[in-house]
Each structure stands twice: as C-alpha cells, then as structure tokens.
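A quick write-up on the structure given underneath.
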Amino acid sequence: MFERIAIVGVGFMGGSFALSVKSVLPCQIFGVDINPQALERAKGLKVIHEGSTNIKELRSFKPNLVVLATPVRTFESIAKSLKEGCLSEETIITDLGSVKGYLVYTMESILGSRFVGGHPIAGTEKSGVENSVDGLFKGKRTILTPTQRTERDALEKVKKLWELIGSKVEFMDPFLHDVVFGAVSHLPHAVAFALIDTLLLLTKRTGIDLFQYPGAGFKDFTRIAASDPIMWRDIFLENRENILEAIDCYSSSLRRLRELISEKKVEELTQYLKEARENRLRIE
Ligand code: NAD
C-alpha cells in the first residue's frame with residue numbers, strides 16, 4: 001500500500017503513528033524533525049529507519065505518503081517546503097493535527113487534491129517520541145475531513161491505512177470538525193489551563209501554597225494542563241473563533257452557577273447540579 005512513509009514531526013503522535021504502521025505494514029519510515037535529538041531518540045527506539053532535520057532530503061527518499069505531525073501552525077510552511085520538489089505526482093499527504101477548518105483548505109491550495117485532512121481522537125498529555133505508544137489508535141476514532149476536491153483514491157488509501165492499524169474512521173466536514181472539537185476537546189484544555197492559573201492567583205492572594213493540597217479530583221480534572229504549551233497555543237490560535245464562542249458559553253454557565261450560589265437558590269442550584277450529573281452519566 002505505502003512502502004515509503006515520511007513523518008514530519010517525530011514526537012508523541014508522529015512516533016505512535018510510525019510504530020503502529022510498522023507493526024502492520026512492511027515499509028520504510030523516514031522522519032523529519034527540527035530537533036536532532038528527537039531524531040536520534042526515534043532511531044534508537046526503532047520508531048524510524050532514517051531521518052533528517054532537513055526536509056529537502058525527502059527528495060531522494062521519494063515518499064508515497066507524507067504525514068504531518070507537528071504543531072498545527074507549522075503546517076503551512078511545511079507544505080510550501082514539501083511542494084518544492086519533495087513530492088511526486090503519486091505522493092499522498094495527510095496530517096494528525098487537532099484543527100481542520102480553514103487549515104485544510106490552505107493545505108489543499110498548496111498541495112492539491114492528494115492532501116487528506118486527518119485527526120486521530122487518541123492521545124495523552126505527554127509529548128515527545130520517547131512517550132510513543134504502539135497501538136495508540138486501536139479501537140479509537142479517526143476523523144478524516146475530505147473536501148469536494150479531495151481525490152477519492154487518496155482518501156480511500158488513507159482510510160484503509162487507519163483501518164489497518166485498528167482505528168474507526170469517520171468522515172466530517174472540516175469546519176464542523178472545528179466546532180465539535182472546539183467544544184469537546186479544546187474548551188476542556190482551556191479550562192484546565194485556566195484552573196491551574198486560578199490556583200496560582202489564589203495562592204498569591206491567600207499566601208497559602210495551595211499546590212500542596214490537591215486531591216484526586218483536582219488531579220483528574222487538570223491532568224491535561226500538563227500538555228505541551230506550543231501544541232496548545234497553536235490549537236487555540238488556529239481554532240480561535242470556535243474556542244472564543246465555547247469560552248463565552250462556559251463563562252455564562254459559570255456566572256449562572258455563581259449567581260445560584262450567591263443568592264442561595266437551593267432548588268435551582270440542585271437542579272443545575274442534577275442536570276449536569278445526568279448529562280455526564282450519559283457519556284460512555
Ligand atoms: P510533540 O511535541 O510530541 O511532537 C511534535 C514534534 O514536532 C516535535 O518532535 C518537534 O520537534 C517537531 N516539530 C515542531 N516544529 C517542527 C517543524 N517546523 N518541522 C519539523 N518538526 C517540527 O507533539 P504531539 O503531541 O506529537 O502533537 C503533534 C500533532 O498531533 C499536533 O498537530 C497536535 O495537534 C496533534 N494531536 C496531538 C494529540 C495529543 O494527544 N498529543 C492528539 C491528537 C492530535
């Protein structure tokens with residue numbers, strides 16, 4: 001199917017993808033990363049066969065699939081570099097990025113109809129190739145975001161590859177993707193980062209080191225605030241409109257909760273909490 005695969009960004013996701021593909025498909029994997037240590041580690045861990053900090057070296061590797069696994073705001077410049085002689089007519093390009101929307105159309109305008117937008121719904125707060133997991137995508141959903149222009153043959157091949165590594169593929173419009181994941185993934189990350197910031201503010205205000213006291217609830221809730229800051233900066237900026245709307249909605253819900261507590265509205269407060277609990281229990 002794909003004998004020569006290039007991974008641009010050999011971190012947690014790129015590494016996990018490489019390991020997963022290698023275990024189901026005989027192929028050569030070439031890694032590109034701006035960080036030479038990431039490449040050395042990736043080679044040592046047998047995640048990639050060879051690698052370079054210079055993307056132009058893909059010219060001689062001649063990949064039939066290129067997978068972008070860098071922070072999303074690097075995609076455009078990487079696509080422009082790829083366009084300068086690293087791709088053949090047959091090369092398919094896809095990505096693992098958390099934002100689609102306009103970015104998919106930008107990528108398509110540079111790379112053409114053999115670009116297939118993708119977002120695996122799997123991951124952790126950990127980053128770096130040393131945390132890569134073989135089998136990360138097994139049983140997990142992967143969203144592919146084809147457009148009117150996407151070549152059906154390229155889409156079918158990328159879909160087959162995800163299925164081969166055990167993922168359940170779902171197609172979604174690129175803009176719908178950003179509304180959905182702005183709400184269920186990007187907002188919770190924003191809230192977790194803000195909650196840690198709030199604890200810092202309260203620590204300063206009270207003079208008590210509140211970070212000494214968190215229990216299991218706080219740790220569960222804020223686990224994702226340990227995620228990579230560059231990756232999340234890029235996601236927030238790239239999906240700005242949807243995140244702003246989600247934050248506004250969250251702020252108004254928090255204001256409502258504040259009002260119910262402040263005015264001691266026992267019935268309504270109970271109802272607010274009951275409804276939230278019931279809806280949480282509906283999630284599998
Ligand atoms: P990571 O920090 O572990 O890896 C990113 C790698 O990209 C690093 O090795 C870094 O050196 C390299 N890099 C950065 N800029 C580069 C450039 N211009 N050229 C070449 N290499 C560059 O991050 P990650 O968690 O693997 O995330 C990668 C992508 O996957 C992001 O787009 C993210 O939105 C997406 N994603 C992450 C998760 C998750 O849970 N971590 C889940 C779904 C999607």
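Both ligands and their constituent atoms are indexed starting at 1 by order of listing.
- The nearest non-hydrogen atom to atom 35 (C) of ligand 1, considering only I7, L96, I224, comes from L96.
- Within the 4.0 Å heavy-atom criterion, neither part of E125 lies near ligand 1.
- K160 has no carboxylate O lying under 4.0 Å from a charged side-chain N of E163, or vice versa, which leaves the two without a salt bridge.
- A salt bridge links D95 and K100; the closest N-O separation between the charged side-chain nitrogens and carboxylate oxygens is under 4.0 Å.
- Both the backbone and the side chain of S98 come within 4.0 Å of ligand 1, judged by heavy-atom distances.
- Heavy-atom proximity to P120, at under 4.0 Å, picks out these atoms of ligand 1: 43 (C).
- In terms of polar-atom proximity, defined here as any N/O pair under 3.5 Å, T124 does make such a contact with ligand 1.
- Distance alone, capped at 3.5 Å, places no donor-acceptor pair between the N242 side chain and the A183 backbone.
- Both L136 and V169 are assigned to one and the same hydrophobic cluster, defined by single-linkage of ILVMFWY side chains at heavy-atom distances under 4.5 Å.
- Annotation for ligand 1: atoms under 4.0 Å from non-hydrogen atoms of G97 are 32 (O).
- Atom 2 (O) of ligand 1 has S127 CB, 3.8 Å as its closest protein atom, hydrogens excluded (heavy atom only).
- The pair K157-E151 does not meet the salt-bridge criterion, since no charged nitrogen lies less than 4.0 angstrom from a carboxylate oxygen.
- If you check each of A38, G11, P71 against atom 14 (C) of ligand 1, the one with the closest non-hydrogen atom is P71.
- A perpendicular orientation is assigned to the rings of Y102 and F175, their planes being inclined by more than 60° (bins at 30° and 60°).
- Near V10, with a cut-off below 4.0 Å to any heavy atom, the atoms of ligand 1 are 9 (O).
- Using a 30° and 60° split on the angle between ring planes, F61 and F30 fall in the tilted class, from 30° to 60°.
- E84 has a carboxylate O that lies under 4.0 Å from a charged side-chain N of K56, or vice versa, which qualifies the two as a salt bridge.
- Of all the atoms in ligand 1, the ones that sit under 4.0 Å from a non-hydrogen atom of V72 are 32 (O).
- Not a single N or O atom of I235, backbone or side chain, sits closer than 3.5 Å to an N or O atom of ligand 1.
- For ligand 1, the atoms closer than 4.0 angstrom to any heavy atom of G123 are 40 (O).
- The option from K140, H119, M231 that lies nearest to atom 25 (O) of ligand 1, judged by heavy atoms, is M231.
- Taking only non-hydrogen atoms, the option from N35, D33, V32, D234 nearest to atom 10 (C) of ligand 1 is D33.
- Linking Ile, Leu, Val, Met, Phe, Trp and Tyr residues whenever their side-chain heavy atoms come within less than 4.5 Å leaves L68 and L65 in two separate clusters.
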